[in-house]
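This report concerns only the one structure given below.
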There are 2 protein chains.
Amino acid sequence: MQETAKADLLASFRHACGQHRLRVTPQRFAIYRGLFRLKTHPSAEKVFRIVKRRFPNISFDTVNRTLLSFVRLGILEFVEGSGNSRRYDPNLNAHHHLHCVKCGAISDFNCRAFDRLEIPPEVRRGFTVLGKRVVLQGVCSKCSKRK
Amino acid sequence: MQETAKADLLASFRHACGQHRLRVTPQRFAIYRGLFRLKTHPSAEKVFRIVKRRFPNISFDTVNRTLLSFVRLGILEFVEGSGNSRRYDPNLNAHHHLHCVKCGAISDFNCRAFDRLEIPPEVRRGFTVLGKRVVLQGVCSKCSKRK
DNA sequence: CTTTTTGCAAAGCGTTTGCATTGAA
DNA sequence: TTCAATGCAAACGCTTTGCAAAAAG
């Protein structure tokens with residue numbers, strides 16, 4: 001069962017790489033696998049720590065460069081963050097974000113009404129829209145409690 | 001006319017500072033004035049260059065620290081940006097953002113329908129909403145032309 | 001007079017680059 | 001065998017911190 005899942009993942013990874021003339025390396029696949037286990041919006045550092053557990057010799061630079069490549073491939077997206085380090089989002093389905101202004105946490109929420117938003121035609125003139133998201137700024141429950 | 005505008009701006013600046021026990025210094029006022037001349041989403045570096053034209057001795061650190069203070073005061077907001085340096089937004093009215101994924105430019109657009117979006121009650125449970133914005137990712141006209 | 005703020009310098013942190021070595025195709 | 005990818009180290013850019021001197025209240 002687990003093995004089948006892994007084989008499927010590898011197949012789809014090979015497919016994605018093939019389309020973009022990217023070589024299939026064990027490091028890249030380890031990063032790819034690691035990403036789909038995460039339900040968060042990790043920084044490169046975070047992905048590095050996760051992948052390092054299974055692949056102790058991997059270097060931070062490889063992780064960083066691979067993440068940038070994956071964005072180009074469309075496997076990942078950058079996430080708008082007002083903080084220090086760049087954050088990535090492996091969830092390509094329609095969803096929306098909550099930004100905690102205190103701790104910097106980014107979490108997802110779903111809302112069908114938001115998904116259906118129509119972009120005004122004037123905006124489309126002069127700007128090619130690739131993605132659409134509602135971002136709510138505020139204070140998360142952890143930070144509210146911490147007072 | 002210009003002088004009146006400046007006096008009004010100073011009065012409102014004094015008011016904002018008074019409410020937060022922040023001292024009124026010429027540097028801070030110069031930064032405050034500079035911000036309201038800008039229609040963009042500047043980085044600290046950009047604000048520094050603008051303010052330095054009228055206040056040549058000001059240091060970058062003062063600008064940087066002042067911007068952070070202003071965010072605490074509510075004069076400014078952080079802007080979600082997927083890039084390198086932190087960006088600020090002096091426009092506190094309801095508006096929405098276009099992010100160019102190529103050059104990192106952030107521009108505003110207005111849309112009454114977006115302004116009126118109702119936030120789902122389940123989201124409000126557990127998250128105190130302070131701001132709401134639609135963010136569109138895409139390619140700006142300059143980058144489209146540049147091919 | 002007291003306390004905050006400024007300006008400068010240094011430290012810190014994340015990201016990017018250059019290059020020799022390794023490994024995929 | 002070729003050329004891209006890796007790992008390492010150094011460079012870089014932006015942000016933050018510490019501190020003495022200057023300025024605000």
Side-chain angles (χ1 to χ4, degrees), chain A residues 10-11 13-32 34 41-52 54-73 75-76 78-88 101 104 106, chain B residues 10 13-32 34 41-49 51-52 54-73 75-76 78-88 103-104 106:
Chain A
L10 183 54
F13 181 58
R14 281 186 183 285
H15 181 74
C17 287
Q19 291 202 312
H20 294 266
R21 292 154 207 199
L22 214 67
R23 294 192 174 166
V24 176
T25 68
Q27 288 93 333
R28 282 184 179 155
F29 184 55
I31 295 164
Y32 188 80
H41 304 84
S43 60
E45 184 63 35
K46 183 110 186 198
V47 177
F48 175 56
R49 283 199 298 266
I50 301 278
V51 174
K52 206 179 169 68
R54 293 197 169 238
F55 211 116
N57 285 336
I58 201 166
S59 80
F60 175 77
D61 305 72
T62 299
V63 174
N64 204 30
R65 273 185 291 218
T66 300
L67 292 173
L68 294 171
S69 303
F70 283 3
V71 171
R72 264 179 266 123
L73 259 72
I75 291 175
L76 276 184
F78 288 138
V79 158
E80 66 297 326
S82 35
N84 324 321
S85 56
R86 180 149 33 207
R87 304 285 211 88
Y88 298 89
V101 298
I106 300 169
Chain B
L10 183 55
F13 181 59
R14 281 189 182 287
H15 180 72
C17 287
Q19 291 201 313
H20 295 266
R21 292 155 207 194
L22 213 69
R23 293 190 175 171
V24 176
T25 68
Q27 289 91 331
R28 282 182 178 156
F29 184 55
I31 295 164
Y32 187 80
H41 304 85
S43 60
E45 184 65 36
K46 183 109 185 198
V47 177
F48 175 56
R49 283 200 299 268
V51 173
K52 205 179 171 67
R54 291 194 172 241
F55 211 115
N57 285 335
I58 201 166
S59 80
F60 175 77
D61 306 72
T62 299
V63 174
N64 203 31
R65 273 184 291 218
T66 300
L67 291 173
L68 294 171
S69 304
F70 282 3
V71 172
R72 264 179 265 124
L73 259 73
I75 292 175
L76 277 184
F78 288 138
V79 158
E80 68 295 327
S82 36
N84 325 320
S85 56
R86 180 148 34 207
R87 305 283 214 89
Y88 298 89
C103 69
I106 301 169

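Every chain is numbered from 1 and lettered A, B, ... according to where its sequence line falls, protein lines coming before strand lines. Just so it is clear, the model here is predicted, and its values are computed rather than measured.
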(request) With the side chain of A:Phe60 defined as its heavy atoms from C-beta on, choose the nearest nucleotide among C:dA25, C:dT3, C:dT15. (result) C:dT15
(message) Around atom NZ of A:Lys46, are there more than 12 heavy atoms from other residues, nucleotides or ligands closer than 6.0 Å?
(response) no
(message) Looking at B:Arg21, I'd like to know whether one of its side-chain N or O atoms comes within less than 4.0 Å of OP1 or OP2 on C:dT3.
(response) no
(request) Determine whether A:Val47 and A:Tyr88 make a side-chain contact, defined as any pair of heavy atoms from C-beta on separated by less than 4.5 Å. (result) no
(message) Just verifying a value: how many Å separate A:Ile58 CD1 and A:Arg28 CZ, rounded to the nearest 0.5 Å?
(response) 10.5 Å
(request) Have a look at A:Leu68 and say if it touches a base, only the backbone sugar-phosphate, or nothing, with a 4.0 Å heavy-atom cut-off. (result) sugar-phosphate
(message) Angle between ring planes, A:Phe29 versus A:Phe13, binned at 30° and 60°: parallel, tilted or perpendicular?
(response) tilted
(message) Quick one about A:Ser69 and A:Thr66 (side-chain donor to acceptor, distance below 3.5 Å, no hydrogens or angles considered), yes or no?
(response) no
(message) With a 4.5 Å cut-off on side-chain heavy atoms, are A:Phe55 and A:Ile50 touching?
(response) no
(request) Take the protein atom CZ of A:Phe29 and the nucleotide atom P of C:dA24, then report the distance between them rounded to whole Å. (result) 14 Å
(request) Any chance you could measure A:Leu10, atom CG, to A:Tyr32, atom OH, to the nearest 0.5 Å? (result) 9.5 Å
(request) Would you kindly compare A:Val63 and B:Leu22 by the position of their nearest DNA chain D nucleotide and give the one closer to the 5′ end? (result) A:Val63
(request) Give the angle between the helix axes at the two ends of the helix from C:dC1-D:dG25 to C:dA25-D:dT1, taking five base pairs at each end and rounding to 10°. (result) 40°
(message) I'd like the 5' and 3' limits of the part of DNA chain D contacted by chain A, with heavy-atom contacts below 4.0 Å.
(response) D:dC3 to D:dA9
(request) Mind calculating the distance between CD (A:Gln27) and C1' (C:dT21) to the nearest angstrom? (result) 13 Å
(request) Look at B:Thr25 and C:dT4 and indicate whether a side-chain polar atom (N or O) is within less than 4.0 Å of OP1 or OP2. (result) no
(message) Between B:Arg23 and B:Asp61, which residue's closest nucleotide on DNA chain C lies nearer the 5′ terminus?
(response) B:Arg23
(message) For B:Val24 and B:Asn64, find the nucleotide of DNA chain D closest to each by heavy atoms; which residue's nucleotide sits nearer the 5' end?
(response) B:Asn64
(message) Need one value for B:Arg65: base, sugar-phosphate or nothing, where a base atom within 4.0 Å counts as base even if backbone is also close, heavy atoms only.
(response) base
(request) Check the angle between the aromatic planes of A:Phe60 and A:Phe48 and answer parallel, tilted or perpendicular using the 30° and 60° thresholds. (result) perpendicular
